[in-house]
Amino acid sequence: MSDDRVHLVAVIGAGPAGLFATRALAAQGARVLLLNRDIKPGGLAEYGIFLNKYKMKGGLRRQFQKILGDPRVTYLGHVTVAERGDLTVPELASLGFDAIVYAIGAQGTKYLGIEGERLPGVYHAKDLVYHYNRLPPFSERSFPMGRRVAIVGVGNVMVDIANYCVHFCDCDEVVAVARRGPFEKAYDDREFEDVEDAFDRAWYREEIQRIRPRLEAAGQNADELLTALAARSEPSPRARTRLGFRFLASPRGVLAEGGRVVGLEVEETRLERKGERIAAVGTGQTSVVPCDTVVFAVGDRVDEHVGLPYKDGLYLTVPGEDPAAAYQVLDLAAGKAQPGIFVVGWARRASDGVVGRARLDAETGIKHVAAYLAERPTRPRAEADRAIETLCRTLAERGSEVVDYAAVQKLEAAERARAAADAVEEFKFVSDREMLDLLRG
Ligand SMILES: Cc1cc2nc3c(=O)[nH]c(=O)nc-3n(C[C@H](O)[C@H](O)[C@H](O)COP(=O)(O)OP(=O)(O)OC[C@H]3O[C@@H](n4cnc5c(N)ncnc54)[C@H](O)[C@@H]3O)c2cc1C
């Protein structure tokens, strides 16, 4: 492609997937407009990765800054593309982009459909994670944590929530509740080291003895777990909070008295081999995990109110064996791809893996976008620039308070100055209003 003729591509969502997709597109000479719901870029790399992983977040921020500083890229934050957003999906499709890449993550909530799931004191992990990582508007809501917290799920997000409870809240006890057993845990041992100081080994041993008959019935060796435990060195000093597990327990309902959570009712399960998989099967026997706060860390689904074709927690892509198909958004009525509309990252596979995986997915997706663009005519760069300017004017006329990358840099400088003045590692403004006022003032 000659330098003054380009394809014009919109990328929606500036999390890791959208940013790495942008980098791959710009590297191929495309002119990219990057629209993002949040004022600041980064997605879950900014608002998900645990509070004190400063080094990891800093490294990612530096990569993102480079992408956003590329003159072929225009960033517009505080712009939501959704049914009730600043722009709708059909509007965006009508603006003449050569391709549109949705990288909007998994913003919907996976409800289990059990009683009490929406009581005060019951949270979904993403909301709580957004809260403690200071993403507006979650940062402006209060998420009181009690003394006894039950976290449903045994993945890395459970470990992050436990870390928050142990090191940033005043909890006495945290229990991770799993439908299956210790051999099916989904968290990484390296991540668990962050909460090892709270891990109550005696409690764990008791739990393994309690479920021993059910493990053995499934051909699993409980002694293997106890030997592995004995080989681990004891952390020092110990945290005040104790952390344990409740295995083979499937949540049935959140129990409350006078509107306050008092427990999580669970059905005991047993393990059954189903081909390669180990499944949990209810035994009909119920019991109660005493707690005053429940956090569901069971993964997320995509936002069904965006306006993309949706079913069962996912956006619909084209069925079939063609590797490109899995990245192409389906035109439901026509039963084939919506030309030029793609999806990547957690928007394609909700809650699927770490940043590296989202990046790989974005880069793979962009290979398919590039193959699509190769068949389309380019346009003069000045025309692409004008199209972006026209869209900026339209958004301003509608009253959208759009934040460009120069403004983001100004905000970040103000946050760094506050962190230095307060002698803290990091400072983040709590509300969109605060950030917008600072920029306007
Ligand atoms: C609690 C938690 C902790 C994690 N910790 C780690 C870790 O330590 N290390 C690691 O490597 N990975 C970690 N991950 C995984 C990592 O965050 C993800 O792999 C990655 O962020 C997914 O990238 P994404 O761009 O697909 O989605 P997201 O990061 O969710 O980005 C989506 C972007 O889209 C924007 N958006 C959403 N809806 C719209 C819309 N309608 N219109 C416009 N824009 C929109 C959002 O503002 C956001 O910027 C963690 C995840 C979670 C949930």
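In each ligand, atom 1 is the first atom listed, and ligand 1 is the first ligand listed.
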Undergrad: Using ring-ring contact (aromatic ring centres under 6.0 Å, His included) as the criterion, list what pairs up with Phe64, not counting sequence neighbours.
TA: Phe20
Undergrad: How about Tyr310 and Arg301: does a side-chain donor come under 3.5 Å of a side-chain acceptor?
TA: yes
Undergrad: Would you mind writing out the side-chain donor-acceptor pairs for residues 154-161 within the sub-3.5 Å range, not counting sequence neighbours?
TA:
unit_1 : atom_1 : unit_2 : atom_2 : d
Asn156 : OD1    : Asp188 : N      : 2.8
Asn156 : ND2    : Asp188 : OD2    : 3.1

Undergrad: Kindly write out the residues that satisfy ring-ring contact (aromatic ring centres under 6.0 Å, His included) with Tyr405, not counting sequence neighbours, or none if the list is empty.
TA: none
Undergrad: Inspect the contact between Arg418 and Glu434 and indicate whether a charged nitrogen and a carboxylate oxygen are less than 4.0 angstrom apart.
TA: no
Undergrad: Near ligand 1, which protein residues have a heavy atom under 4.0 Å away?
TA: Ile12, Gly13, Ala14, Gly15, Pro16, Ala17, Asn36, Arg37, Asp38, Gly43, Leu44, Gly48, Ile49, Lys53, Met56, Val79, Thr80, Val81, Ala103, Ile104, Gly105, Gln107, Val129, Val157, Asp160, Gly345, Trp346, Gly353, Val354, Val355, Ala358
Undergrad: For atom CZ of Arg260, decide whether the heavy atoms of other residues, nucleotides or ligands shown that lie under 6.0 angstrom number more than 12.
TA: no
